[in-house]
Structure formats: C-alpha cells, structure tokens
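Before any comments, here is the structure.
The chain is numbered in sequence order, starting from 1. Small disclaimer: the values here were computed from a predicted structure and weren't measured.
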Amino acid sequence: MTDQPEKSVRTLRVGEQVRHILSEILQRGDVHDDVLTTHLVSITEVRVSPDLRHATVFVKPLLGKDEEAVLKALRTNTAYLQREVARRVKMKYAARLKFLSDESFDEGSHIDQLLRSPTVARDLDAGGE
C-alpha cells in the first residue's frame, strides 16, 4: 500500500524533469523548425503515466498566438524531442510524448469574465446581505 504515493511522487518528479528539459530545448532553439524558433512556447505541465512510458505535454504559445501551427510543429518534431528527453532523463524506457494545448488559461479567463458580468455581480452582492 505504501508503493502508491511513491509512484505518484515519482511520476510528478519525472514529469517535472521532462518539462524542464523540453523548456530548455525550446528556449535554446535546438529544434530546427521555423515555427518553433519564431514563437515563445511555454511548457505548462507534463503528466506522465504510472509506467513512465507516456507523457502528455501541455503547451501554450506566448499570447496564445498561432497555437495550431505551434502544436503541428511540436508534433512534427516529436521524434527528435523524445530522443533528447530520453538522452537527458536516465530511465529504462523513453517516454512517448503527446503534445496538447493547455486550455486551463482559457477556462480561467472565461470564469473570470463570468464573475465580472453584471448579472453574477448582482447575485453575489445580494447573497452578501
């Protein structure tokens, strides 16, 4: 039973390692891709499967610009990125990378907009009386 928390700590640690490595690769411009060299891309989170064989990489281009083009470029260069991650993270297997857009920022701003709407503000004020 004590194995479970250890595994989740390990997956979190590996995910954070992968996030740092990918961020560094993109920041240094190691990927020879026009889209990736002209866009600042934030690796917001990496979720690693319990067996450490799969990693879902959540990304957000700066200001959300050209998101589809950035995702396509990352997916095109997945083999190179996987090799680099495998080389730098000492593990038995190289994690297969899957790139997805990080929607949490969009959800957060949508909730913020809703909370600022006059109808919701009125309801919140009425609840405080």
### Heavy-atom side-chain contact between Thr37 and Val31 under 4.5 Å
no

#### Entry: Residues that Asp51 engages under side-chain hydrogen bond (donor to acceptor under 3.5 Å, both in side chains), provided they are two or more places apart
Ser49

### Message
Strictly by salt bridge (charged side-chain N to carboxylate O under 4.0 Å, His left out), give each pair with a member in residues 18-27 just once, sequence neighbours left out.
### Response
Glu16-Arg19, Glu24-Arg28, Glu24-Arg88

### Interatomic spacing from CG in Leu74 to CG in Leu26 - rounded to 0.5 Å
6.0 Å

### side-chain hydrogen bond (donor to acceptor under 3.5 Å, both in side chains) involving Gln17 - partner list, sequence neighbours excluded
none

## Note on the structure
To the nearest 0.5 Å, atom CG of Asp34 lies from atom NE2 of His39 at 11.0 Å

### Query
Of all heavy-atom pairs between Val46 and Gly15, which one has the smallest distance, and what is that distance?
CB-O, 3.4 Å

### Query
side-chain contact (heavy atoms from CB on, under 4.5 Å) with Leu100: which residues, sequence neighbours excluded?
Thr56, Phe58, Arg75, Lys98

### Nearest-0.5 Å distance that lies between atom CG in Leu71 and atom CG in Asp66
11.0 Å

### Non-hydrogen atoms of Pro50 and Thr11 that approach each other most closely
CA-CG2, 3.8 Å

### Task
Give the intermediate values and the outcome of side chain to side chain contact (heavy atoms under 4.5 Å, CB included) for residues Val14 and Leu12.
CA-CA 6 Å; Val14 170; Leu12 290 171; over 6 Å; no

### Task
Output the distance between atom CG (Leu36) and atom OG1 (Thr76), rounded to the nearest 0.5 Å.
8.5 Å

## Note on the structure
Taking every heavy atom of Gln82 against every heavy atom of Ala95, the minimum-distance pair comes out as CG-O, 3.7 Å

### Message
Once salt bridge (charged side-chain N to carboxylate O under 4.0 Å, His left out) is applied, what residue pairs with a partner in residues 39-48 remain, sequence neighbours excluded?
### Response
Glu45-Arg47

### Query
In Å, rounded to the nearest 0.5 Å, how long is the span from CD1 of Ile21 to CD1 of Ile43?
11.5 Å

### Summary
Heavy-atom nearest pair, Tyr80 first then Ile25, reads CE2-CG2, 4.3 Å

### Task
Walk me through it: do Glu67 and Lys60 pass the test salt bridge (Lys or Arg N to Asp or Glu O under 4.0 Å)?
CA-CA 7 Å; Glu67 200 163 297; Lys60 193 72 175 172; 3.0 Å; yes

### Summary
Across all chains, not counting sequence neighbours, the side-chain hydrogen bond (donor to acceptor under 3.5 Å, both in side chains) partners of Gln27 are none

### Task
State the OG1-CG distance between Thr78 and Leu97, to the nearest 0.5 angstrom.
6.5 Å

